[in-house]
Amino acid sequence: MPIQESQPDTAADAGADRGTGADAEPEAGAGAEPAAGTPEVAPEPEATGGPIDVRTLTRVLFERLAELPAEAPEREQVRAALIEVNIPLVRYAATRFRSRNEPMEDVVQVGTIGLINAIDRFDPTRGVQFPTYALPTILGEIKRYFRDNVRTMHVPRRLQELWVQVSGAMEELTVTQGRTPKVPEIAASLRIPEEDVRACLDAGRAYNAASLEAAQEHEGGLALLDRLGYEDSALTDVEHRDMVRHLLVQLPERERRIVMLRFFANLTQSQISNELGMSQMHVSRLLSRILTRLRTGNSWEE
């Protein structure tokens, strides 16, 4: 029999969103009762001779599962049929996480675990539609997976929980103001420090760490490492160079020239004596005297 894949109704979906935050975890049996006042949408009527509706088939399978004793071999077959029939619900929930850059099949597998848990806990006698019950559990399982296994950077649990409130406030303020809210507006709405809001915004994006060697398309192919600044070792010598320049201008012409020839032109004392027409011993005494004055920071005195 062909099976018609039906998406969860809007009311059920909205109830699921309200029940699970960005990183909330459903407890055992989460979603067992719909929120007060949440309308139940009946399955769409089937056309005569047309495909069987998923909701109808799910209800029939649960009724059959309730009739079978716990040790009946047929229970596993009925349970497997329930899982297969409701896989479209898992795929629907997984589409919410396309932006996380995680393989969709991996997300579906994790969501299937939540579907199996929902099937094992579901009680048809409560009068709740199965998608309404199962969707929060599936979403909670997927979000737990992203929280515990996907993040490459550790984010404190406090910030993860606070991020749920910050993201909700951002959505509300965006709707009411018609624009993206600013950090002070979010902080005022939640009555928390602005530093906590900024930390939550950073934590909400901390799923994957970018490689320093990865090329950035919007930067002309340059890697992030190529655009990082570095510490110039010559900066520590700036003050020394300025002080030496200040002291050199105070030297008489001959002594200044001796210093320039010795330390800037790298001439030996013998070469300096030939250049200036004086003995090497005289050059040596003058250099010693000049350096003593420069080290004390005193101006030159004859």
Taking the side chain as C-beta and beyond, is there a heavy-atom pair between Pro131 and Arg55 under 4.5 Å? yes
Kindly compute the distance separating CG (Leu248) from CD1 (Ile290), expressed to the nearest 0.5 Å. 9.5 Å
Rounded to the nearest 0.5 Å, how far does CD1 of Ile186 lie from CD1 of Ile192? 8.5 Å
Test item: Arg121 and Thr137 side chains (from C-beta on) under 4.5 Å apart, heavy atoms: yes
Interatomic distance, CD1@Ile119 vs OG1@Thr112, rounded to 0.5 Å, equals 9.5 Å
Taken to the nearest 0.5 Å, the spacing of Ile87 CD1 from Leu115 CG works out to 6.0 Å
Interatomic spacing from CG in Leu261 to OG in Ser273 - rounded to 0.5 Å: 11.0 Å
Check the hydrophobic clustering (I, L, V, M, F, W, Y; side-chain heavy atoms under 4.5 Å; chains of links allowed) and say if Leu276 and Phe264 are grouped together. yes
Could you walk me through whether Phe97 and Met104 satisfy the side chain to side chain contact (heavy atoms under 4.5 Å, CB included) test, starting with their C-alpha distance in whole Å, then the side-chain angles of each, then the deciding distance to 0.1 Å, before giving a yes or no? CA-CA 8 Å; Phe97 303 89; Met104 188 54 58; 5.7 Å; no
Report the residues that fulfil side-chain contact (heavy atoms from CB on, under 4.5 Å) with Asp123, sequence neighbours left out, ordered by chain and then residue number. Thr125, Arg126
Can you run down the salt bridge (Lys or Arg N to Asp or Glu O under 4.0 Å) pairs that involve residues 105-119, sequence neighbours left out, and say none if there aren't any? Arg91-Glu105
Please name all residues satisfying side-chain contact (heavy atoms from CB on, under 4.5 Å) with Ile113, sequence neighbours left out, ordered by chain then number. Asn117, Glu141
Pairs in or reaching into residues 171-202: which pass ring pair (Phe, Tyr, Trp, His ring centres under 6.0 Å), with residues at least two apart or in two chains? none
Between the side chain of Thr58 and the main-chain N/O of Val54, is any donor-acceptor distance below 3.5 Å? yes
Heavy-atom side-chain contact between Pro181 and Thr174 under 4.5 Å: yes
Which pair of non-hydrogen atoms, one from Ala118 and one from Tyr133, has the smallest distance, and what is that distance? O-CE2, 3.4 Å
Contacts of Arg75 that satisfy side-chain hydrogen bond (donor to acceptor under 3.5 Å, both in side chains) - sequence neighbours left out: none
Would a distance-only check, ignoring hydrogens and angles, find a side-chain to backbone donor-acceptor pair under 3.5 Å from Thr176 to Glu172? yes
Heavy atoms only: give me the nearest Leu139-Ala93 pair and the separation to one decimal. CD2-CB, 3.7 Å
Heavy-atom closest pair, residues Ile138 and Gly114: CG1-C, 4.0 Å
Residues in side-chain hydrogen bond (donor to acceptor under 3.5 Å, both in side chains) contact with Ser288, at least two apart in sequence or another chain: none
Does any non-hydrogen side-chain atom of Leu201 lie less than 4.5 Å from one of Met170? yes
Output all residues satisfying side-chain contact (heavy atoms from CB on, under 4.5 Å) with Gln77, sequence neighbours left out; order by chain, then residue number. Glu74
Side chains of Asp120 and Arg79: does their closest heavy-atom pair fall under 4.5 Å? yes
Could you grab the distance from atom CZ of Arg59 to atom CG of Leu82, nearest 0.5 Å is fine? 12.5 Å
Determine the interplanar angle of the Phe122 and Phe130 rings, folded into 0 to 90°, and report it as parallel if under 30°, tilted if 30 to 60°, perpendicular if over 60°. perpendicular
According to salt bridge (Lys or Arg N to Asp or Glu O under 4.0 Å), does anything in residues 272-285 pair up with another residue at least two apart or in another chain? List the pairs. Arg257-Glu275
Treating Ile, Leu, Val, Met, Phe, Trp and Tyr as nodes and any side-chain heavy-atom pair under 4.5 angstrom as an edge, say whether Leu68 and Val60 lie in one connected cluster. no
Heavy-atom closest pair (Leu89 atom, Ala134 atom, distance to 0.1 Å) is CD2-CB, 4.0 Å
Pair listing, side chain to side chain donor-acceptor pair (under 3.5 Å) test, anchored in residues 179-189, at least two apart: Gln177-Arg179, Arg179-Glu185
Is there a side-chain contact between Val107 and Val110, using heavy atoms and a 4.5 Å cut-off? no
Full working for side chain to side chain contact (heavy atoms under 4.5 Å, CB included) between Arg98 and Thr95: CA-CA 5 Å; Arg98 291 184 185 275; Thr95 56; 3.3 Å; yes
Glu194: salt bridge (charged side-chain N to carboxylate O under 4.0 Å, His left out) partners, not counting sequence neighbours: Arg198
Heavy atoms, side chains only, cut-off 4.5 Å: are Met278 and Ile272 in contact? no
List the residues meeting side-chain contact (heavy atoms from CB on, under 4.5 Å) with Asn266, not counting sequence neighbours, and say none if there are none. none
side-chain hydrogen bond (donor to acceptor under 3.5 Å, both in side chains) with Glu253: which residues, sequence neighbours excluded? Arg256
